[in-house]
Amino acid sequence: MAAAARLPAKTREGWGVSAKLRVSDASAGSMPDVVGRFRLGRLKGRRPVALDGWRVTTGDQRVADNVAALLGGTPEEWVTEGEDDIEVLTDADAVEVILDGPDAIAADLMLWGMDGTILHHCDSQAFLSGDRPGQPCGCPELVADRKAAAKSGRGPKPRTRITFRLLGAPGLGKFCMTSGSWDLVRVLHEYADALEGVGGPAACVLKLETVSFTPERGPYKGRVISYKRPALAVCGAYEHGASG
């Protein structure tokens with residue numbers, strides 16, 4: 001599995017604009033040792049549809065039942081090629097969680113080919129995999145320029161994974177949330193700094209935020225466009241036995 005990157009301690013300041021990531025053993029796109037995944041939406045046909053609450057998928061009926069009891073919703077089977085074939089459309093757009101420090105956040109940048117092969121995998125400054133690991137990747141310094149390159153199909157897109165336990169049921173095991181949001185990339189350094197400041201497991205809130213804007217040009221000019229993005233609030237140290 002190709003390595004991802006985690007937020008660095010020394011170069012984290014300003015990471016949302018240009019700083020480098022540090023290589024980690026985890027992959028931002030994988031689900032190592034997790035019992036389920038929190039998702040922002042679902043597909044309707046081939047079209048992504050945003051949801052008002054978190055959608056949780058798992059392959060464990062006990063986990064699905066506990067998630068439904070804690071966050072609302074009903075466990076149901078869904079068609080997938082993965083092992084997480086049970087989904088719960090929860091009623092919650094904000095969930096109390098526990099993060100085990102800044103290493104609970106992993107991120108990297110990837111560009112995939114039409115045949116499913118990885119064409120580019122980096123930490124914004126150096127390649128992480130392929131035949132040139134450690135060599136300069138050539139990505140623009142500013143996030144805005146990276147986003148423009150990705151939109152044109154010439155540059156990689158971000159992958160961010162946050163791994164956590166549920167504050168209301170920490171014994172269920174670890175879950176993860178994976179996102180390609182550029183908005184999230186811009187504030188990852190703030191989350192990592194806050195987690196490092198806690199100095200241990202942190203009580204946090206993982207939430208869905210609604211963002212609305214009105215384009216000034218293009219086919220949607222003058223129309224209000226809304227979408228969901230993930231956000232994290234670090235509340236303080238997790239007190240063992242306080243919940244669950």
Side-chain angles (χ1 to χ4, degrees), residues 4-17 19-22 24-26 28 31-40 51-56 58 63 66-73 88 90-108 143 158-211 228-244:
R6 63 183 177 183
L7 297 177
K10 294 184 179 179
T11 61
R12 187 180 299 140
E13 183 177 358
W15 186 88
V17 177
K20 180 180 177 292
L21 296 175
R22 184 173 63 191
S24 168
D25 292 333
M31 286 179 56
D33 301 323
V34 298
V35 297
R37 173 176 288 180
F38 274 61
R39 301 172 183 265
L40 281 72
L51 301 171
D52 292 331
W54 286 104
R55 172 177 172 242
V56 182
T58 178
V63 171
N66 276 272
V67 167
L70 186 65
L71 305 177
V88 181
T90 76
D91 300 326
D93 61 0
V95 182
E96 294 180 317
V97 298
I98 307 163
L99 268 66
D100 294 326
D103 287 350
I105 302 176
D108 54 9
V143 170
R159 289 188 313 175
T160 300
R161 190 192 69 235
I162 300 177
T163 305
F164 54 90
R165 290 172 287 153
L166 297 178
L167 185 63
L172 280 181
K174 291 186 176 181
F175 294 79
C176 73
M177 188 283 301
T178 303
S179 172
S181 168
W182 288 100
D183 292 339
L184 183 60
V185 165
R186 287 186 169 90
V187 295
L188 285 182
H189 64 291
E190 298 176 9
Y191 299 159
D193 286 345
L195 290 168
E196 190 168 53
V198 171
C204 306
V205 176
L206 181 65
K207 52 190 175 181
L208 291 173
E209 292 184 341
T210 301
V211 180
K228 298 285 187 178
R229 69 181 179 192
L232 184 73
V234 180
C235 303
Y238 166 61
E239 298 182 7
H240 295 271
S243 181

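At least one side-chain heavy atom of Leu206 sits under 4.5 Å from a side-chain heavy atom of Leu232. Inter-residue side-chain proximity for Tyr191 and Leu184 is flagged as met; some heavy-atom pair is nearer than 4.5 Å. The closest side-chain heavy-atom distance from Lys174 to Asp100 is below 4.5 Å. With a 4.5 Å cut-off on side-chain heavy atoms, Lys228 and Thr210 count as touching. You'll find the side chain of Cys204 reaches within 4.5 Å of the side chain of Leu195, heavy atoms only. Taking 4.5 Å as the limit, some side-chain heavy atom of Val95 sits within range of a side-chain heavy atom of Leu166. At a threshold of 4.5 Å between non-hydrogen side-chain atoms, the residues Thr160 and Ser181 do not count as touching.
Of the candidates Ile98, Val35, Val97, Ile98 is the only one forming a side-chain contact (heavy atoms from CB on, under 4.5 Å) with Arg165. When Leu71, Asp52, Leu70 are each tested for a side-chain contact (heavy atoms from CB on, under 4.5 Å) with Thr90, only one passes: Leu71.
Nearest heavy-atom pair, Pro230 versus Met177, reported as atom, atom and distance to 0.1 Å: CB-CE, 3.8 Å. Shown here for Ala237 and Val198, the closest heavy-atom pair between the two residues is CA-CG1, 3.7 Å. Closest heavy-atom contact between Val205 and Ala94: CG1-CB, 3.9 Å. Nearest heavy atoms, Gly72 versus Asp91: CA-OD2, 3.5 Å.
For the atom pair CD1 of Ile105 and NE2 of His189, the computed distance is 11.5 Å after rounding to the nearest 0.5 Å. Atom NZ of Lys207 sits about 10.0 Å away from atom CZ of Arg229, to the nearest 0.5 Å. Distance check: Asp93 CG to Leu40 CG gives 11.5 Å after rounding to the nearest 0.5 Å.
In terms of the ring pair (Phe, Tyr, Trp, His ring centres under 6.0 Å) criterion, residue partners of Phe38 (sequence neighbours excluded) are, by chain and number, Trp54, Phe164, Phe175.
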